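Notes to accompany the following structure.
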Amino acid sequence: MKAKVETLLKDTISQLMKNGDIPEVEINDDLIETPANKSFGDFATNIAMVIASKAKRKPRDVAQIVVNALSHQDMFDKVDIAGPGFINLSIKPISWVNVLKDIHREKEKFGISTYGAGKKVQVEFVSANPTGPLHIGHGRGAAVGDILARILAATGFDVQKEYYINDVGNQMKTLGRSVYLRYMELLGKDIEFPKEGYQGDYIKDLASELKQIHGEKLLALSQDEAIEIAKDFAGNKILDGIKEDLDIFGVRFDNWFSEETLFKQGKVEDTFAKLKEKGLLYEHEGALWFKSTEFGDEKDRVVKKQDGLLTYFASDIAYHRDKIDRGFERVIDIWGADHHGYVPRITAVLEAFGADKDSFHALLIQLVSLVRGGVPVSMSTRSGEFVTLREILDEVGKDVTRYFFLMRRADSQLEFDIDLAKKRSEENPVFYIQYAHARICSILKKAAEAGITPEIKDVDLALLTTGDDLELIKMLAAYPNMLIACAKALEPHRISFYLMELASSFHRFYNKNKVITDNKNLTSARVILIDAARQVIANALSLMGIEAPEVM
RNA sequence: GCGCCCAUAGCCCAGUUGGAUAGAGCGUUGGACUACGAAUCCAAAGGUCGCAGGUUCGAAUCCUGCUGGGCGCACCA
């Protein structure tokens with residue numbers, strides 16, 4: 001509906017400008033807003049004030065011209081000028097009910113749009129090192145990334161979800177050494193376990209599996225060879241576990257990108273050569289530097305150290321160059337907020353390889369703290385004392401976990417209250433929403449049993465324009481545009497707030513109006529209405545990867 | 001010391017990218033089932049949008065400076 005009004009307004013304005021009725025000025029895209037106060041109508045525009053201030057005319061005069069042009073449009077009930085020059089637009093109730101036909105026709109596709117115009121977008125998220133199981137912080141990144149990607153796909157982008165596997169470097173070596181030492185320990189050797197080694201119990205489990213497979217054979221090898229074997233074994237095993245956890249969480253990636261392949265395919269060396277050609281790579285004090293200051297970073301960054309080893313950033317450069325080479329027009333990385341310092345240098349990489357600065361977005365996810373029984377659960381990754389995503393999933397389930405991670409904006413810290421998450425009650429918003437869905441299904445079932453299964457073409461939808469029913473319809477009509485707003489702002493949390501409002505809107509309607517009554521026509525109309533509400537709730541939940549149960 | 005993020009009702013958070021009288025939920029108080037699911041609804045109370053300036057027709061939103069909290073500032077990954 002909003003899109004319709006916006007198009008109409010734009011056409012009207014440009015026609016008026018062509019005729020010379022109002023001065024020609026540049027207009028930006030967002031013309032229509034929803035006023036905070038319902039008495040101001042369904043939509044409002046400040047276009048007259050914008051034009052007036054640019055052309056030095058009186059806002060209300062410009063507004064009057066626009067109003068005259070709009071007022072004989074069929075869809076409007078009322079078009080008037082308010083305050084300093086707002087134009088308030090009230091839509092005829094009968095225009096609203098048409099959205100029910102759209103929903104009925106499009107069903108699970110209702111809400112899908114072509115806003116993204118098929119633009120190729122990559123969303124990279126989680127990307128945890130395969131050195132240990134996913135913890136709850138990774139879970140938030142997984143939920144946000146997955147749901148954002150789904151929203152982008154629903155709004156017409158060509159989206160790829162990717163997981164970057166950091167399977168090279170010191171941390172992997174440390175993993176190999178940790179498992180190797182535990183393995184030696186199992187064979188009765190005296191070992192000294194280093195502080196920087198991985199302490200968790202899962203390391204001992206991996207060591208014992210390693211022993212089952214290889215017996216004592218690794219003793220015959222050199223330590224380096226044995227560690228290499230332990231590293232590969234543990235890395236693969238942990239990665240399998242990560243994939244399994246994500247699968248349970250409902251997160252499927254389109255591509256798993258191994259850092260190691262960058263080296264094997266010579267992409268890192270090739271990238272260095274390209275940078276050298278561009279004059280963006282130089283030697284200084286025996287190290288090799290990337291000239292990121294060229295693109296606004298505060299200092300240049302080392303890619304090859306004095307000792308000849310590459311930094312982690314070196315593969316990051318090659319990796320992000322590869323993203324551009326693969327044809328992505330937008331690159332979205334989802335990181336923990338503690339990595340915010342890396343934004344300028346990665347932006348620099350994208351720019352160095354010819355991408356537009358605005359084509360790269362780093363979405364920073366703030367940390368998650370866990371609360372149980374009202375007290376914070378301490379987590380220290382080092383000591384191996386952390387709550388894994390898997391434990392949360394086993395305890396509270398996929399649906400609630402996914403929803404809870406989307407209950408806050410990504411850039412605000414999140415407190416995950418396990419007791420609240422497990423509560424099947426009013427305090428838990430997930431059940432509030434699912435309850436609305438189940439309630440509707442229950443009514444529809446009862447209606448069907450009574451032989452009430454109306455065809456939308458036979459129903460008088462004009463009966464639904466009185467009060468709470470119209471409010472509910474307006475909520476349903478807002479769904480497609482809400483998704484576009486999520487996509488525009490890269491803010492997937494908005495969908496969870498929308499769902500709360502929609503569920504609330506339905507519950508209010510339900511409590512005031514009986515669906516199944518002796519009035520046959522009204523009953524039919526209301527059955528159509530709540531079926532549409534059911535459809536939109538189901539669509540939104542499905543985008544969030546949450547079940548929409550018919551009974552609870 | 002430099003940089004980034006946050007600060008909104010007793011609590012936890014929204015706030016449509018600068019709009020009109022700042023909103024939900026929880027909690028508190030009072031009400032609604034001999035009606036399709038009360039896991040619901042209705043009503044009331046609750047605010048110097050951290051503080052102080054500035055920009056303009058208009059600021060929770062943008063700019064500057066403070067205060068308080070989180071996080072970064074490696075030839076670590």
Side-chain angles (χ1 to χ4, degrees), chain A residues 2 28 30 32-37 39-40 44-46 49-50 52-53 59 82-86 88 129 131 166 168-174 196 284-289 298-299 301-313 315-316 336-344 364 366-367 407-409 411-415 417 420 423-429 431-432 434-436 438-447 449-450 452 478 481-482 485-486 488-489 491 493-494 496-497 500-501 503-504 506-517 523 526-527 530 551-552:
Chain A
K2 192 172 185 175
N28 58 349
D30 295 311
I32 301 284
E33 60 191 81
T34 312
N37 193 324
S39 66
F40 295 140
T45 175
N46 62 352
M49 285 140 85
V50 173
S53 73
F86 290 103
N88 290 335
N129 296 350
T131 54
N166 301 121
V168 180
N170 270 332
Q171 294 202 5
M172 290 305 288
K173 270 185 201 147
T174 305
E196 66 276 11
H284 178 64
E285 293 178 349
L288 206 54
W289 299 70
E298 58 182 10
K299 62 182 289 244
R301 308 291 171 177
V302 170
V303 296
K304 189 186 256 179
K305 300 183 278 181
Q306 269 180 348
D307 61 12
L309 292 178
L310 294 173
T311 63
Y312 190 84
F313 183 49
S315 27
D316 262 346
D338 52 341
H339 288 77
H340 69 254
Y342 295 76
V343 177
L364 302 171
Q366 278 291 350
L367 60 92
M407 273 198 327
R408 302 268 182 280
R409 305 168 37 146
D411 58 11
S412 76
Q413 297 186 7
L414 173 76
E415 201 170 84
D417 186 331
L420 176 59
K423 239 183 238 180
R424 327 248 135 180
S425 79
E426 59 193 48
E427 291 167 76
N428 189 330
F431 290 96
Y432 180 83
Q434 291 182 324
Y435 178 58
R439 208 177 207 185
I440 293 171
C441 290
S442 166
I443 301 167
L444 290 174
K445 194 174 156 219
K446 180 156 185 161
E449 280 163 3
I452 306 165
N481 208 264
M482 182 278 305
C486 287
K488 255 186 205 173
E491 288 181 351
H493 72 276
R494 294 184 188 199
S496 66
F497 286 90
M500 275 296 285
E501 275 188 64
S504 164
F506 165 73
H507 285 310
R508 189 177 312 120
F509 169 80
Y510 169 88
N511 271 279
K512 283 203 213 160
N513 306 279
K514 199 161 153 58
V515 174
I516 301 166
T517 61
T523 298
R526 286 181 173 167
V527 165
I530 64 167
V551 289
M552 293 173 69

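All of these numbers come straight from a predicted model, not from anything done at the bench. Proteins come first, then strands; the chains are lettered A, B, ... in the order of their sequence lines, and each starts at number 1.
- In this model, the phosphate group of B/C41 is approached by a side-chain N or O of A/Tyr432 to a distance below 4.0 Å at OP1 or OP2.
- Contacts of A/Thr311 with the nucleic acid, taken as non-hydrogen atoms under 4.0 Å apart, involve only primed sugar atoms and P, OP1 or OP2.
- Using a 3.5 Å distance cut-off with no hydrogens or angles, the side chains of A/Asn129 and A/Gln171 do pair a donor with an acceptor.
- Look at the P atom in both B/C71 and B/U28: the space between them is 34 Å, to the nearest Å.
- Residue A/Met172 is classed as having no contact, given no heavy-atom separation below 4.0 Å to the nucleic acid.
- Salt bridge A/Glu491/A/Arg494: present, at least one basic N to carboxylate O contact under 4.0 Å.
- Distance CD (A/Gln171) to C1' (B/A77): 4 Å, rounded to an integer number of Å.
- Base pairing analysis places B/C51 opposite B/G65; the two distances defining the Watson-Crick or G-U wobble pair are each below 3.5 Å.
- A/Val551 comes within contact range of at least one nucleobase, with a heavy-atom separation under 4.0 Å.
- The C1' atoms of B/U8 and B/A14 are separated by 10 Å, rounded to the nearest whole Å.
- Taking for each of A/Ala82 and A/Phe509 the nucleotide of RNA chain B with the nearest heavy atom, the 5'-most of the two is the partner of A/Ala82.
- Two residues, A/His340 and A/Thr517, neighbour RNA chain B, and the one matched to the more 5' nucleotide by heavy-atom proximity is A/His340.
- Heavy atoms of A/Met49 sit under 4.0 angstrom from at least one base atom.
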### Message
Generate the contact string for nucleotides 7-12 of chain B. Rules: B means base contact, S means sugar-phosphate contact only, - means no protein heavy atom under 4.0 Å.
### Response
-----S
Shorter than 3.5 Å, N or O on both sides, protein versus nucleotides 29-35 of chain B: list them out with atom names.
residue : atom : partner  : partner atom : Å
B/A35   : O2'  : A/Lys514 : NZ           : 2.9

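- A 4.5 Å side-chain heavy-atom check between A/Tyr312 and A/Asn166 finds at least one atom pair inside the cut-off.
- Pair assignment for B/G25 gives B/C11, based on Watson-Crick or G-U wobble hydrogen-bonding distances that are each under 3.5 Å.
- With distances taken from any side-chain atom of A/Tyr510 to the nucleotides B/U16, B/C75, B/A38, the minimum falls on B/A38.
- B/A20 is unpaired under the Watson-Crick or G-U wobble criterion, no partner having all donor-acceptor distances under 3.5 Å.
- Relative to the six-membered ring of A/Tyr510, A/Arg439 meets both conditions, a distance below 6.0 Å and an angle of at most 45° to the axis.
- Residue A/Leu444 contributes atom CG, which lies 11 Å from atom P of B/G37 at whole-angstrom precision.
- The side chain of A/Asn88 sits closest to B/A20 out of B/A20, B/A74, B/A77.
- In this structure, the CD atom of A/Glu449 is 14 Å from the C1' atom of B/G37, given to the nearest Å.
- Shown here, B/G1 forms a base pair with B/C73; the pair counts as Watson-Crick or G-U wobble because both key distances fall under 3.5 Å.
- At the heavy-atom level, A/Ala485 lies nowhere under 4.0 Å from the strands shown.
- Here the C1' atom of nucleotide B/G37 and the CZ atom of A/Arg439 are 6 Å apart, to the nearest Å.
- An anti base is found at B/C11: its glycosidic angle is more than 90° from 0.
- Residue-level contact check: A/Asn513 touches the bases, meaning some heavy atom is under 4.0 Å from a base atom.
- The side chain of A/Asn129 lies closest to B/A77 when the candidates are B/A77, B/G15, B/A39.
- Out of B/A74, B/U16, B/G37, the shortest distance to the side chain of A/Lys299 is found at B/A74.
- Judged by distance alone, with hydrogens and angles left aside, A/Glu285 brings a side-chain donor or acceptor within reach of the base of B/C75, the pair sitting under 3.5 Å.
- Note on A/Asn46: a base of the nucleic acid sits closer than 4.0 angstrom, heavy atoms only.
- Syn is the conformation of B/U17, whose glycosidic angle sits no further than 90° from 0.
- Applying the 4.0 Å criterion to OP1 and OP2 of B/C36, one finds that A/Arg526 has every side-chain N and O outside that range.
- Using a 4.0 Å heavy-atom distance criterion, A/Ala447 is classed as making no nucleic acid contact.
- Residues A/Pro429 and A/Met407 are in side-chain contact: their nearest non-hydrogen atoms beyond the backbone lie under 4.5 Å apart.
- Residue A/Phe86 is in base contact, counting any heavy-atom pair closer than 4.0 Å across all strands shown.
- No contact: A/Arg301 has no heavy atom under 4.0 Å from any strand.
- Picking from B/G15, B/G19, B/C5 the nucleotide with the shortest atom distance to the side chain of A/His493 gives B/G15.
- OP1 or OP2 of B/C42 has at least one side-chain nitrogen or oxygen of A/Arg508 nearer than 4.0 Å.
- Note on A/Ser412: only backbone sugar-phosphate atoms sit closer than 4.0 angstrom, heavy atoms only; bases stay farther off.
- Among the nucleotides B/A39, B/U16, B/A20, the one closest to the side chain of A/Phe40 is B/A20.
- One atom, CD of A/Gln366, and another, P of B/G70, lie 12 Å apart when rounded to the nearest Å.
- Regarding A/Ile530, its CD1 atom lies at a distance of 13 Å from the P atom of B/C36, rounded to whole Å.
- Within 4.0 Å (heavy atoms only), A/Lys512 reaches no atom of the nucleic acid at all.
- Of all non-hydrogen atoms in A/Ala503 and A/Ala436, the two that sit nearest each other are CB-CB, 4.1 Å.
- Rounded to a whole angstrom, the distance from the P atom of B/A20 to that of B/C62 is 15 Å.
- B/U56 is unpaired under the Watson-Crick or G-U wobble criterion, no partner having all donor-acceptor distances under 3.5 Å.
- Aromatic ring centres of A/Tyr342 and A/His339: separated by under 6.0 Å.
- Regarding A/Leu364, its CG atom lies at a distance of 10 Å from the P atom of B/C6, rounded to whole Å.
- Using a 4.0 Å heavy-atom criterion, one finds that A/Val168 contacts the sugar-phosphate atoms exclusively.
- Distance from the side chain of A/Met552 is smallest for B/A39 among the nucleotides B/G15, B/A14, B/A39.
- At the heavy-atom level, A/Ala450 lies nowhere under 4.0 Å from the strands shown.
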